[in-house]
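This chain uses plain numbering: 1 for the first residue, then up along the sequence. This structure is a prediction, so every number in the text was calculated from the model and none was measured.
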Amino acid sequence: MKITVSNAINERDREALYKGLSSYNSQFIDRSNWGDLSVFMHDDAGRAQAGLIASRKGNWLSIHFLWVNEALRGSGAGSQLMQAAEQSAREQGCRFALVDTFSFQARPFYEKLGYELQMTLEDFPGDGQSVYYLKKRL
């Protein structure tokens with residue numbers, strides 16, 4: 001056996017890791033309600049002006065990314081994306097939603113939508129910053 005360390009991820013190794021981990025986890029986790037979810041707002045020219053990328057993991061909607069063009073911030077676009085994602089997740093059997101946000105991002109926005117702080121990880125990604133993990137019952 002030989003250990004290698006790299007700052008790049010080899011696709012073949014990534015696939016082997018995912019396959020091995022998935023095989024082991026499948027003994028314990030029902031993945032029948034796992035899948036991707038996206039919600040986007042496009043302008044008349046078809047350009048994305050706001051979007052949300054998430055995944056369903058069993059009973060959970062896991063929100064990975066939410067972006068709203070600065071010109072649309074404060075217009076309710078972000079709330080509309082979140083509500084559409086939550087509704088779709090509910091229709092597909094999700095009962096909870098999880099989101100994380102950095103201290104320089106949108107914690108008050110998520111709390112206004114009913115998300116509750118579950119955990120704070122301080123000094124992440126750097127000194128003086130934090131990441132917040134928030135949960136909502138759908």
Distance-only polar pair, side chains of Q87 and Q83, donor-acceptor under 3.5 Å: no
Could you tell me the separation between the [atom1] atom of [X] and the [atom2] atom of [Y], rounded to the nearest 0.5 Å?
| X | Y | atom1 | atom2 | answer |
| --- | --- | --- | --- | --- |
| I9 | E15 | CD1 | CD | 12.0 Å |
| N10 | L17 | CG | CG | 11.5 Å |
| N69 | R47 | CG | CZ | 10.0 Å |
| F40 | L81 | CZ | CG | 8.5 Å |
| S38 | H64 | OG | NE2 | 11.5 Å |
| I63 | K136 | CD1 | NZ | 8.5 Å |

Working for side-chain contact (heavy atoms from CB on, under 4.5 Å), residues V39 and S88: CA-CA 10 Å; V39 182; S88 177; over 6 Å; no
Would a 4.5 Å heavy-atom cut-off, applied to side chains only, mark [X] and [Y] as touching?
| X | Y | value |
| --- | --- | --- |
| W60 | S55 | no |
| W34 | K57 | yes |
| L61 | L98 | no |
| S22 | R31 | yes |
| Y115 | K135 | no |

Side chain to side chain donor-acceptor pair (under 3.5 Å): pairs with one or both residues in residues 99-113, sequence neighbours excluded: T101-Q105, R107-E111
Non-hydrogen atoms of G58 and C94 that approach each other most closely: O-SG, 3.8 Å
Donor-acceptor contact present, side-chain Q92 to main-chain A89, <3.5 Å: no
Backbone of G46 reached by a side-chain donor or acceptor of D43 within 3.5 Å: yes
Could you see if [X] belongs to whatever hydrophobic cluster contains [Y]? Use Ile, Leu, Val, Met, Phe, Trp, Tyr and a side-chain cutoff under 4.5 Å.
| X | Y | result |
| --- | --- | --- |
| L37 | L113 | yes |
| V99 | F109 | yes |
| M119 | F104 | yes |

Can you give each donor-acceptor pair under 3.5 Å made by side-chain atoms of residues 121-133, sequence neighbours left out, with the distance rounded to 0.1 Å?
residue, atom, partner, partner atom, Å
D123, OD1, G128, N, 3.2
Q129, OE1, G126, N, 3.4

Worked check of side-chain contact (heavy atoms from CB on, under 4.5 Å) between R95 and R90: CA-CA 6 Å; R95 297 188 342 241; R90 270 192 296 276; over 6 Å; no
side-chain contact (heavy atoms from CB on, under 4.5 Å) evaluation trace for D30 with F28: CA-CA 7 Å; D30 175 11; F28 307 99; over 6 Å; no
Under-4.0 Å salt bridge between E11 and R14: yes
Steps toward side-chain contact (heavy atoms from CB on, under 4.5 Å) verdict (L52, M82): CA-CA 8 Å; L52 179 151; M82 291 291 292; 3.5 Å; yes
R137/E116 under salt bridge (charged side-chain N to carboxylate O under 4.0 Å, His left out): CA gap, chis, key distance, verdict: CA-CA 9 Å; R137 180 177 289 277; E116 297 177 351; over 6 Å; no
